[in-house]
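Chain naming here is simple, since letters A, B, ... match the order of the sequence lines and numbering starts at 1 in each. Everything numeric in this text was worked out from a predicted model, so none of it was measured.
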Amino acid sequence: MNKYDVIIVGGACAGLSAALYTARRALKTVVLTRDIGGQAAITTEIENYPGTGTILGPELMNRFRDQAEKAGAEIKMSEVQAITKSGNEFVVKAGVEDYQAPAVILSFGLTHRKLNVPGEKELTGRGVAYCATCDGPLFRNKIVAVVGAGNSAIDAADYLSEIASKVYLLVRSDSFRADEADLVEKVKNNPKIEIRYKTEITQFVGEKKLEKILLNDGSELELNGVFIEIGYATQTDFLGDLVTLDERKQIVVDNEGKTSTPGIFAAGDVTNVPFKQAVISAGDGAKAALSASRYVKNLKGLEDKPDWNKKK
Amino acid sequence: MELNDQNFEQEVINYTEGPVLVDFYAVWCGPCKMQGPIIEALAEELKTTKTKVFKVNVDEAQETATKFDIMSIPTLMIFRNGEVAETLMGLNSAEVLKEKLQKYQ
């Protein structure tokens, strides 16, 4: 069992900022995360993170990571499968390892919404993709489809039409939800884009890579790639009834980053805070960290001193 | 440690003394910027061993990227005796990579 004071689940704006704060309060901190930087790391340019001017998303997130590590936080690339209560503490299972701590900060953000149809999971990264700007250039002169009807789907279709030889835009209803009227018109008039309304994918088919998709009208399309652009959702199902979720399966927090369960804190896009922004996540990460610090030190009977008093 | 379409076969496929780790990346890919330094440090650490570590820019080595069906980056492949032994997608830590490479010594 690996023992810590604080376990942080998720390593992007909220989690890495929380790690910086708990590590600076001399709490033994580990960040368990599938990737570094989350959505910010796949954003080309960030122009609204105060103090940094215009910065590349990955660069900003590398700085978050470096600063958290320099402060003493450990960062482990491992996906968390389960969190259970054990006496006064929590056991977090990630990969083959178990981690234990009195406080846990949940900051694993939002992930791409999936279609949840057969073949999707198996062919992810082998033709099924969720980020046109990330993987799009790998489909030069190939046939691709975009699934969705919102702004991100329209943007993706427009972007991919410059790379791929042909783009199908698969829309579930009979109209677009996108509010960028000009871009919708542009896409409708683009000869490389074929829009199919009332169309849903029922299965992804392919041996080693995606070869074709089956559609709800019984037809099939041969293609090389499908970009699923139907928005983001929290992946909180693995938490079970550990903490209270709202109707959108976001973690409910109070104004100190506390969840319904003492010892469990949350911050960033995974919470019910309505605004999903890097700077808000970073701020809320710090807030949750300070709450967690106070909680752990109370539990241990220590005084929770602010870090600016450390070097006397 | 950067390979192209011309030397890929010689350095990776024809190498039989140990496993070869190849990082397929592109300059425009965010997660690749996180993976890159991990790969470079690993290459430095393993440079006196029989394990080889290379990077392949998918925009420059298009033939190689197509041949191995790279459709998501970063993609990391471990080759042993000219065959793909393992394919890893997304960001991977040095610890995980070393553990995987150990299997193919």
Side-chain angles (χ1 to χ4, degrees), chain A residues 11-12 31-46 56-66 74-79 95-97 123-131 133-142 144 163 206-211 223-227, chain B residues 5 21-42 45 55-79 83-103:
Chain A
V31 180
L32 304 173
T33 187
R34 195 167 51 181
D35 62 3
I36 300 287
Q39 284 186 69
I42 57 167
T43 305
T44 323
E45 283 183 341
I46 296 178
L56 295 173
E59 192 191 333
L60 180 62
M61 295 328 294
N62 273 337
R63 289 194 199 173
F64 267 61
R65 176 188 57 193
D66 290 348
E74 280 177 56
I75 297 172
K76 290 186 191 274
M77 308 271 270
S78 191
E79 191 167 348
V96 291
E97 303 269 353
L123 291 165
T124 293
R126 295 182 163 85
V128 178
Y130 298 89
C131 174
T133 48
C134 309
D135 295 332
L138 300 170
F139 292 83
R140 191 161 296 284
N141 300 323
K142 299 274 167 76
V144 301
I163 298 165
E207 191 76 4
K208 278 186 173 169
K209 55 179 174 176
L210 180 65
E211 288 159 15
L223 41 60
N224 308 101
V226 173
F227 290 84
Chain B
D5 285 338
L21 175 68
V22 181
D23 171 23
F24 291 92
Y25 78 101
V27 290
W28 41 262
C29 149
C32 300
K33 290 191 175 69
M34 312 269 171
Q35 189 70 71
I38 297 173
I39 296 294
E40 279 150 32
L42 193 62
E45 190 185 329
K55 291 175 75 174
V56 172
N57 181 326
V58 296
D59 287 323
E60 281 162 23
Q62 288 191 14
E63 212 177 287
T64 307
T66 306
K67 187 172 167 194
F68 291 99
D69 286 325
I70 305 301
M71 295 192 203
S72 170
I73 44 175
T75 288
L76 301 166
M77 283 187 176
I78 297 172
F79 291 80
E83 304 274 338
V84 179
E86 201 137 350
T87 303
L88 305 159
M89 275 174 283
L91 211 49
N92 280 276
S93 67
E95 273 172 8
V96 169
L97 295 173
K98 274 193 273 187
E99 203 181 293
K100 300 266 183 200
L101 286 166
Q102 196 61 41
K103 291 199 303 195

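- Contacts between A:A129 and chain B at a heavy-atom distance below 4.5 Å are absent for every atom of the residue.
- The two residues A:L138 and B:V58 have their closest heavy-atom pair at CD2-CG2, 3.7 Å.
- Within a 6.0 Å radius of CD in A:E97, more than 12 heavy atoms belonging to other residues, nucleotides or ligands are found.
- Counting heavy-atom pairs closer than 4.5 Å to chain A, the top-ranked of the candidates B:M89, B:E95, B:Q62 is B:M89.
- The shortest heavy-atom contact between A:K209 and B:D69 is NZ-OD1, 3.0 Å.
- Residues A:M61 and B:M34 have side chains in contact (heavy-atom distance under 4.5 Å, counting atoms from C-beta outward).
- The distance from atom NZ of B:K33 to atom CD1 of A:I36, rounded to the nearest 0.5 Å, is 16.0 Å.
- Looking at every heavy atom in both residues, B:W28 comes nearest to A:P137 through CZ2-CB, 3.2 Å.
- Within 6.0 Å of CD on B:E63 lie no more than 12 heavy atoms contributed by other residues, nucleotides or ligands.
- Of the listed residues A:D35, A:L56, A:N62, the one with more heavy-atom pairs under 4.5 angstrom with chain B than any other is A:N62.
- The minimum heavy-atom distance linking A:M77 with B:S93 is given by the pair CG-CB, 3.6 Å.
- If you take CZ on A:R126 and OG1 on B:T87, they are separated by 6.0 Å, rounding to the nearest 0.5 Å.
- Heavy atoms only, all atoms of each residue included: A:D135 and B:S72 are closest at OD1-CA, 3.5 Å.
- In this structure, the portion of B:N92 lying under 4.5 Å from any heavy atom of chain A is its backbone and not its side chain.
- No part of A:S78 comes within reach of chain B, as not one of its non-hydrogen atoms sits under 4.5 angstrom from that chain.
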